[in-house]
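Structure record follows, encoded as structure tokens.
Bear in mind that the values here come from a model prediction, so they are computed numbers and not experimental data.
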Amino acid sequence: MAELESKVESEEEQVVNPWEVTAKDGGKIDYDKLVEKFGCQRLNETLVDRVERLTSRPAHVFLRRGVFFAHRDFNEILDLYEKGEKFYLYTGRGPSSEALHLGHLVPFMFTNAFYQNMVRVARCVTYNQVVGIFGFKKEDHIGKVSFPPVQAVPSFPTSFPHLFKGKDNLRCLIPCAIDQDPYFRMTRDVAPRIGYQKPALIESSFFPALQGETGKMSASDPNSAIYVTDSAKEIKNKVNRYAFSGGQDSIEKHRKYGANLEVDISVKYLSFFLEDDNELNFIKEEYGAGRMLTGEVKKRLIDVLSDLVERHRRARAAVTDEMVDAFMAVRPLPYMFS
């Protein structure tokens, strides 16, 4: 009985699901516990080395720095790549509002194949099962309960006959944050029962708010995050004023003790967006030893983010309505499998 109570207490230390991410007492998310709880595998250095060997290029910074830290069957996707076989990526973007409304269901229902797969998935999952996977409560609205099949079926190539006609066994790779795992744990359970292959996943850690890993990025607080619409001046102001620092509270103490890199947001953001591994390691070493000050690290981050956002702004400005219409058209993409 004591062992059961201990397990329940441990599980209540953090909540990670598609709608809520919280750690106990405002602490940090324990990713090792998530890997154990969800039953996925660590994306280790052996897999990253294999990616580099197969592609003959350095792995993306998100892989080699452990941003994507867990996976499901990623090794099987690499097997396909090594054999010269094809697979496709399934990524997502949310609607402009906080949740799907009925109008969003129209395009799903209009593409008949997509909707048929939704129905097939829905028939295979009982209410008790989704409660066990997602932790639904009596007060949750029906949209939460009905959405998992919508999230599941892009994992199956027959949902897109205009793209993948005749390629019903094409494997799917899904890069996503770890909080989305419950959707695809359900999908992987259903897939073989309706004649499809299980999707593979690579799963990332969470991107922290400017105020620190205990904070939360929120649309209601524009100072909690850097937006791709922010000006260079806004980026500079946000980083200097709000990016949580692991530096000491005086130069003398900082020179003596150095910075706490585990909590410093500028270092964490540079780990995402600074391409040069040597420069990143240099900053960590110098800052951690107290030879580099917080202001210097923040200045480098401001330069990196300003350049990134400006490149995005120029690329976005070059997109015309005609380009969007062509991209969204329901048709096979030329040379997709040539």
Side-chain angles (χ1 to χ4, degrees), residues 11 14-22 29 31 33-43 62 67-74 76-77 87-95 97-102 104-105 107-109 111 113-137 140-160 164 170-207:
E11 289 178 350
Q14 59 184 16
V15 176
V16 176
N17 59 46
W19 306 280
E20 182 182 1
V21 177
T22 56
I29 295 296
Y31 291 106
K33 284 186 178 179
L34 283 184
V35 169
E36 181 181 357
K37 179 180 178 180
F38 288 170
C40 45
Q41 295 81 43
R42 274 282 182 178
L43 206 165
F62 290 175
V67 173
F68 281 91
F69 70 98
H71 77 100
R72 293 181 183 273
D73 294 342
F74 185 46
E76 295 183 12
I77 295 295
F87 61 93
Y88 71 99
L89 288 177
Y90 164 22
T91 63
R93 64 173 181 84
S97 59
E98 291 184 355
L100 286 172
H101 57 64
L102 292 179
H104 290 120
L105 293 180
F108 295 139
M109 298 175 72
T111 49
F114 193 105
Y115 185 69
Q116 288 169 357
N117 275 341
M118 284 170 50
V119 172
R120 295 177 71 189
V121 170
R123 285 174 175 170
C124 288
V125 184
T126 67
Y127 180 72
N128 283 341
Q129 286 175 317
V130 294
V131 168
I133 294 171
F134 298 99
F136 292 139
K137 301 175 182 176
D140 285 331
H141 58 73
I142 195 171
K144 275 189 175 182
V145 181
S146 62
F147 184 68
V150 181
Q151 185 87 327
V153 297
S155 306
F156 310 137
T158 58
S159 298
F160 308 104
F164 304 131
L170 199 64
R171 286 297 297 269
C172 175
L173 173 63
I174 306 169
C176 62
I178 189 70
D179 61 326
Q180 300 299 299
D181 186 87
Y183 283 123
F184 302 112
R185 199 159 70 244
M186 181 200 77
T187 306
R188 285 167 56 85
D189 178 64
V190 170
R193 295 163 59 191
I194 57 177
Y196 296 128
Q197 296 198 66
K198 296 179 179 181
L201 290 88
I202 51 174
E203 301 176 315
S204 72
S205 55
F206 302 115
F207 191 72

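- In this structure, Tyr115 OH and Ser159 OG are separated by 13.5 Å, a value rounded to the nearest 0.5 Å.
- Evaluation of the salt bridge (Lys or Arg N to Asp or Glu O under 4.0 Å) test over residues 196-206, restricted to residues two or more places apart or in two chains, returns none.
- Remark: the backbone N or O of Pro199 is not paired with any side-chain donor or acceptor of Ser155 at under 3.5 angstrom.
- When the side-chain hydrogen bond (donor to acceptor under 3.5 Å, both in side chains) test is applied to Gln197, no partner is found at least two apart in sequence or on another chain.
- Within the model, atoms CD1 of Ile133 and CZ of Phe38 stand 11.0 Å from one another, a figure rounded to the nearest 0.5 Å.
- The local environment of CD1 in Ile142 is sparse, with at most 12 non-hydrogen atoms from other residues, nucleotides or ligands closer than 6.0 Å.
- By the side-chain hydrogen bond (donor to acceptor under 3.5 Å, both in side chains) test, Arg185 is found to be paired with Asp181, residues two or more places apart in sequence or in another chain being considered.
- A heavy-atom distance below 4.5 Å is not found between the side chains of Phe207 and Val67.
- Taking CD from Gln41 and CG from Leu201, the interatomic distance works out to 10.5 Å, rounded to the nearest 0.5 Å.
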**Report entry** Pair Phe164-Phe156, side-chain contact (heavy atoms from CB on, under 4.5 Å): steps then yes or no
**Finding:** CA-CA 10 Å; Phe164 304 131; Phe156 310 137; over 6 Å; no
Query - Derivation of the ring-ring contact (aromatic ring centres under 6.0 Å, His included) call for Tyr90 and Phe184 - result: CA-CA 11 Å; Tyr90 164 22; Phe184 302 112; 5.7 Å; yes
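- Residues satisfying the side-chain hydrogen bond (donor to acceptor under 3.5 Å, both in side chains) test with Ser205, not counting sequence neighbours, are none.
- To the nearest 0.5 Å, the span separating CZ on Arg72 from CZ on Arg188 amounts to 5.5 Å.
- Listed for the Asp140 side chain is a donor-acceptor partner under 3.5 Å among the backbone atoms of Lys137.
- A donor-acceptor contact closer than 3.5 angstrom links the side chains of Thr158 and Tyr196.
- Sparse packing is recorded around CZ of Arg123, with 12 or fewer heavy atoms of other residues, nucleotides or ligands lying under 6.0 Å away.
- Contact check for Ile178 versus Cys40: side-chain heavy atoms found under the 4.5 Å cut-off.
- The CD1 atom of Ile174 lies 6.5 Å from the OG1 atom of Thr187; values are rounded to the nearest 0.5 Å.
- Between Arg120 atom CZ and Arg193 atom CZ the span is 12.0 Å, to the nearest 0.5 Å.
- With sequence neighbours left out, Tyr183 forms a ring pair (Phe, Tyr, Trp, His ring centres under 6.0 Å) with Phe134, Phe147.
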Requested in this report: Output, in order, the C-alpha distance, side-chain angles, deciding distance and verdict of side-chain contact (heavy atoms from CB on, under 4.5 Å) for Met186 and Val121.
Outcome: CA-CA 9 Å; Met186 181 200 77; Val121 170; 4.1 Å; yes
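- By the 30° and 60° cut-offs, the orientation of the rings of Phe160 relative to Phe114 is perpendicular.
- Taking 4.5 Å as the limit, every side-chain heavy atom of Val125 sits out of range of all side-chain heavy atoms of Pro149.
- Other residues, nucleotides and ligands contribute over 12 non-hydrogen atoms within 6.0 Å of the CD atom of Glu20.
- Among residues two or more places apart in sequence or in another chain, the side-chain hydrogen bond (donor to acceptor under 3.5 Å, both in side chains) test is passed with Asn17 by none.
- For the pair Ile77 and Arg171, the tightest heavy-atom approach, listed with the atom from each and the gap, is CD1-CB, 3.9 Å.
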